[in-house]
2 protein chains.
Amino acid sequence: MADKRADKMTIADVALRAGVSTATAGRVLGGYGYTSKENKEKVRLSAKALGYRPNALARSLITGKTKTIGVVAGDIQSPFYASILRGIADVARAQGFGVLLTNSDELLERELEAVQLLLEKQIDGLIIAPCDTSGSRHLHAAAASGCPIVQIDRRVSGLPADSVTLDNRGAASESVAQLLKAGHRRIGIVAELERWEFGDIETFIDRVIEGSIDPASLFPSWQRLFGYLEAHRAAAICIDRSLIVRVGTYSVTAARSATMELLSRANRPTALFTADGLMSAVAMDAITSLNLQIPSDLSLICFDDLDWMSFLKPGITAIAQPLTEMGEAAARLILARIGGEDGEEQHQVLKHRLALRGSVSVPQDEMV
Amino acid sequence: MADKRADKMTIADVALRAGVSTATAGRVLGGYGYTSKENKEKVRLSAKALGYRPNALARSLITGKTKTIGVVAGDIQSPFYASILRGIADVARAQGFGVLLTNSDELLERELEAVQLLLEKQIDGLIIAPCDTSGSRHLHAAAASGCPIVQIDRRVSGLPADSVTLDNRGAASESVAQLLKAGHRRIGIVAELERWEFGDIETFIDRVIEGSIDPASLFPSWQRLFGYLEAHRAAAICIDRSLIVRVGTYSVTAARSATMELLSRANRPTALFTADGLMSAVAMDAITSLNLQIPSDLSLICFDDLDWMSFLKPGITAIAQPLTEMGEAAARLILARIGGEDGEEQHQVLKHRLALRGSVSVPQDEMV
DNA sequence: GCGGTTTGTGCGAACGTTCTCACAATAGAA
DNA sequence: TTCTATTGTGAGAACGTTCGCACAAACCGC
């Protein structure tokens, strides 16, 4: 038994018991500098006997590295962030890094507090899904002060930081093209589309058509609308503004009522494209409530591949984002920066996978 | 402009610029001790001008508190842990605490490493879903060394630490009773049931029947089997051992083949009880693959309420765990302990909610 | 034997805070 | 006046590490 107060054992105690200086004990335990075999042994034994556990705080204070990366997610509860976080945590753990987690709920104020907290705790790097893609002075400041940042899911324009995003525009465009190819001419889209800083949605549509928008620092849902518009233009099909359902907020109730309204119309669309996981779940709810059959009454392609889409009666064709891979990529980028890599900004744009299942068919009116 | 190197600003720099001692500056910024109004003002101004950000590491080193709680989850990616984590993070944030996250993948070795990492980083408290409910010397050691621990989802026997769990036995028992009441006599159960330290599953069944098992530090899936058995005994119905499908590992493929086998039998059960979210999803997949209709061909009650269960054609009756509440409760407990509360061990057992939907009916053979 | 490298050790100064002292100055009470 | 509180200040010692430096012993080729 002897000593079992594993509590406040310092390197000095270990050194004393081993009969060496604290410096020597530090060297063997920290694995730096030279030490003789005998002393190595003595110190190790002493440390084990005393139940010594290094204090990372003290180490970090002097080395200036905490081996901790901060993560600001939107909402950890969502499968989207949960999977990304999984990827981050895996890579971090493999390198002996810890993950300090906060969520912003997509609220700027909360993001501010979170970043502040993380920086005070001296994280070595920050992975963040930024709320505000235009301003974000706090992120510019953090980057300027030397904290490496990797953006995920979206990019704040002008921020000197790496990013990992999905080709949302391409994915949406491909899916909508799929529906168009099947013969659909009235394709509804349900998307969040909370805010676009440069005007209303009509302006957005006009500017996409005229080709004067750079999708890079758009929010994902806007990029997906972009893809929707692009596919229509490529097929030389006019946009029916009424088929674009802008929920305006990331809420189930708002999404539900908007979707119900769209699908209850006399001239309802023959196909539906949902722009994210929440919209997909809500749309599915609405579809079963209205007793619509997929794909005979309505074709459907969903952004985000949720588990139920594969085992529903006809499987739902869905765009699968490589979420854990995104997290892994982000973690690898941040670790590289922490490791001192100082090349150009890296902007990794990952590709989706279109899971083709049974929710798309020829539109009803053409089937006769 | 002036100074924008928000990087290495220490309290000494602030003090120098304000024309006071570091002690006074510390008092103003740290909010302890006495300071005159004038100095307060001067220091605040100086800090703001220099973009001073306190170094939590240095503070923690001396105060002995990091305002950080460590979390060891099984798999953050699962909706189960994601929701719990959400609850934890919310409560922690509200109190200015950070959350240091790791996952164990239910592997003891990984849990060991995780706990080690967290303790080295000097977390103030630990919330953990322990892998091993019997041994766990590392947790005993951590508790002994003064680190408060809150266990979640399950309890290691004899560990002096609070816990937050669900009444798994009660929930399972109630659900199975529901099926029995509807007239089912052949009720299948699909559960993970990876390990039970005291013997094989037959022994377990026998010992439950004879009433010689304390369910407190059983793994949830075993507690749920316990409830299944209990409900049968209460209804004086014999257990058919062949209806108890032990998957043995938390894997989709194993679960799928086991479930397919069960549902393909000539004398397949008339009702099914799935013991967790993964089993539920897999079972649903199997059911649709086999083209069985719910509830006419098979009644179903699932443990864990997943989003698709509410909007499927007939809704699936499910046991909803109050997950975020569990996380919140755990966080509150740990914060209380960190705050110095030293009463008796607290073991909070939360209640489930049975979401009654359309997946249960009278068994087919009695319907005539 | 002599410089030069390699290997090993201990002292003490960092790191950026908090916190204990000692010490003033002011104010009110006796 | 003189004694106690109250309010304020700064010097300097913690906290538990890492790291620079000085110094020694050993080994090496020549």
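In what follows, chains carry the letters A, B, and so on, assigned in the order in which the sequence lines appear, proteins first and then strands, with residues in each chain numbered from 1.
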With axes from five pairs an end, tell me the bend angle of the helix from C/dG1-D/dC30 to C/dA30-D/dT1, nearest 10°.
-> 40°
Return the residues of residues 33-42 of chain B meeting this criterion: a heavy atom under 4.0 Å from some atom of DNA chain D. Order them by number, or give none.
-> B/Y34, B/T35, B/S36, B/N39
In residues 18-30 of chain B, which residues come under 4.0 Å of DNA chain D by heavy atom?
-> B/V20, B/S21, B/A23, B/T24, B/R27
Any residue meeting side-chain hydrogen bond (donor to acceptor under 3.5 Å, both in side chains) with B/E120, in chain and number order, not counting sequence neighbours = B/Q116
Could you tell me whether a side-chain N or O of [X] sits under 3.5 Å from a main-chain N or O of [Y], the two making a donor and an acceptor?
| X | Y | value |
| --- | --- | --- |
| B/S145 | B/A142 | yes |
| B/S60 | B/A56 | yes |
| B/K40 | B/T35 | yes |
| A/S83 | A/L323 | no |
| B/D105 | B/L107 | no |
| A/R154 | A/P130 | yes |
| B/N39 | B/S36 | no |

Could you give all pairs that pass the salt bridge (Lys or Arg N to Asp or Glu O under 4.0 Å) test and reach residues 338-349 of chain A, with sequence neighbours left out?
-> none
Test salt bridge (charged side-chain N to carboxylate O under 4.0 Å, His left out) applied to A/D90 - qualifying residues, sequence neighbours left out | A/R86
Does B/E113 have any salt bridge (charged side-chain N to carboxylate O under 4.0 Å, His left out) partners at least two apart in sequence or in another chain, and if so, which?
-> none
Nucleotide range of DNA chain C contacted by chain A, 5' to 3', under 4.0 Å to a heavy atom?
-> C/dT7 to C/dG16
Salt bridge flag under 4.0 Å for residues A/E111 and B/R93 | no
Any side chain to side chain donor-acceptor pair (under 3.5 Å) involving residues 322-338 of chain B? Give me the pairs, sequence neighbours left out, ordered by first then second residue.
-> B/D162-B/R337
Write out all pairs satisfying side chain to side chain donor-acceptor pair (under 3.5 Å) with one or both partners inside residues 123-134 of chain B, taking only residues at least two apart or from two chains.
-> B/T66-B/D124, B/D132-B/S134, B/S134-B/E197
Distance, rounded to the nearest Å, where B/R59 contributes CZ and D/dA14 contributes C1' = 17 Å
For DNA chain C, which residues in residues 112-122 of chain A have a heavy atom at a distance below 4.0 Å?
-> none
Residues passing the side-chain contact (heavy atoms from CB on, under 4.5 Å) test with B/L117, sequence neighbours excluded, are B/T102, B/K121
